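Data first, discussion second: the structure below is written as structure tokens.
Residues: numbered from 1 along the sequence shown. Numbering of ligands and ligand atoms starts at 1, following listing order. Just so you know, these numbers come straight off a predicted model, no measurement behind them.
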Amino acid sequence: MIKLAIMGAMEEEIEPLLAHFENINVVEFADNKYYEVKYNGLEIVIAYSKIGKVFASLTAATMIEKFGCDTLLFSGVAGGINPELKIGDLIIADKLCQHDLDITAFGHPNGYVPGGKVFVETTKSLREIAIKVANENNLKVIVGTIATGDQFVHSTERKDFIQSTFKADALEMEGASVAVVCDALNVPFFILRAISDTADMDAGFDFDEFLKSSAKNSADYLIKIVKEL
Ligand SMILES: CCCCCCN(CO)Cc1c[nH]c2c(N)ncnc12
């Protein structure tokens with residue numbers, strides 16, 4: 001029997017998820033709120049971390065170490081890099097990296113530190129369930145690389161650096177840290193994002209306009225996946 005963690009970074013990313021549940025028990029811990037529900041015979045813990053890699057690491061580790069979750073699904077929005085990704089489109093990460101982790105001064109590649117690895121792969125079996133659900137629901141999703149960093153990217157210069165350095169298809173601010181935590185703790189995980197902007201000079205405006213609708217796209221798809229677990 002799996003105990004499922006469902007995580008987002010912002011309240012707007014989990015609000016459309018919480019809407020599916022009732023009898024929610026709220027646990028306050030480490031400056032955050034964890035929402036416990038039962039659904040389809042599953043025990044689920046839902047939380048939003050707050051923005052950025054540090055908060056996301058704290059929440060992912062807490063859901064696993066304190067709440068005993070043994071599978072983690074992330075739902076949220078992202079900036080699109082791959083021109084195939086339009087606002088509202090869905091991307092499933094097959095691997096993730098940290099675009100702002102940089103000790104290149106010592107000859108190391110971008111995104112690498114000793115003992116770490118540039119790319120962390122997500123769990124294949126969870127991706128396969130997600131693809132099956134997408135096919136059954138006629139949903140267009142792409143599978144690709146997501147780059148994570150502690151900055152809201154709103155310039156083609158930074159976007160182009162991330163694309164050329166990591167061949168990333170989308171970018172955001174939490175996924176790779178969730179990946180490192182789950183990988184280290186041996187917990188299967190899945191990262192899903194819907195595009196809210198294209199990380200260029202219009203990113204801020206587009207993000208404000210499309211956060212809600214894109215977060216709902218991601219959440220609605222995630223719920224369909226949860227039903228298959
Ligand atoms: C109040 C401002 C909240 C920004 C949080 C954005 N999330 C971070 O995970 C996703 C995201 C969407 N578009 C992005 C972009 N262009 N750069 C970085 N991250 C993103």
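- With 3.5 Å as the limit, one finds a donor-acceptor pair spanning the side chains of Glu172 and Thr148.
- When each of Leu4, Asn40, Ile129, Val133 is paired with Val226, the side-chain contact (heavy atoms from CB on, under 4.5 Å) condition holds for Leu4 and for no other.
- Lys117 forms no cation-pi arrangement with Tyr112, by the criterion of a distance under 6.0 Å to the ring centre and an angle within 45° of the ring axis.
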Distances for all N or O pairs of ligand 1 and the protein under 3.5 Å?
unit_1, atom_1, unit_2, atom_2, d
ligand 1, 9 (O), Met173, N, 3.0
ligand 1, 9 (O), Glu174, OE1, 2.5
ligand 1, 9 (O), Glu174, OE2, 3.3
ligand 1, 9 (O), Arg193, NH1, 3.4
ligand 1, 13 (N), Gly79, N, 3.4
ligand 1, 13 (N), Asp197, OD1, 2.6
ligand 1, 16 (N), Val153, O, 2.9
ligand 1, 16 (N), Asp197, OD2, 2.9
ligand 1, 17 (N), Val153, N, 2.9

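- Scored by the salt bridge (charged side-chain N to carboxylate O under 4.0 Å, His left out) test, Asp94 finds no partners at all (sequence neighbours excluded).
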Show your working on side-chain hydrogen bond (donor to acceptor under 3.5 Å, both in side chains) between Arg193 and Ser218 and close with a plain yes or no.
CA-CA 6 Å; Arg193 297 276 185 166; Ser218 182; over 6 Å; no
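- When ring centroids are compared, Tyr39 and Phe21 come within the 6.0 Å threshold.
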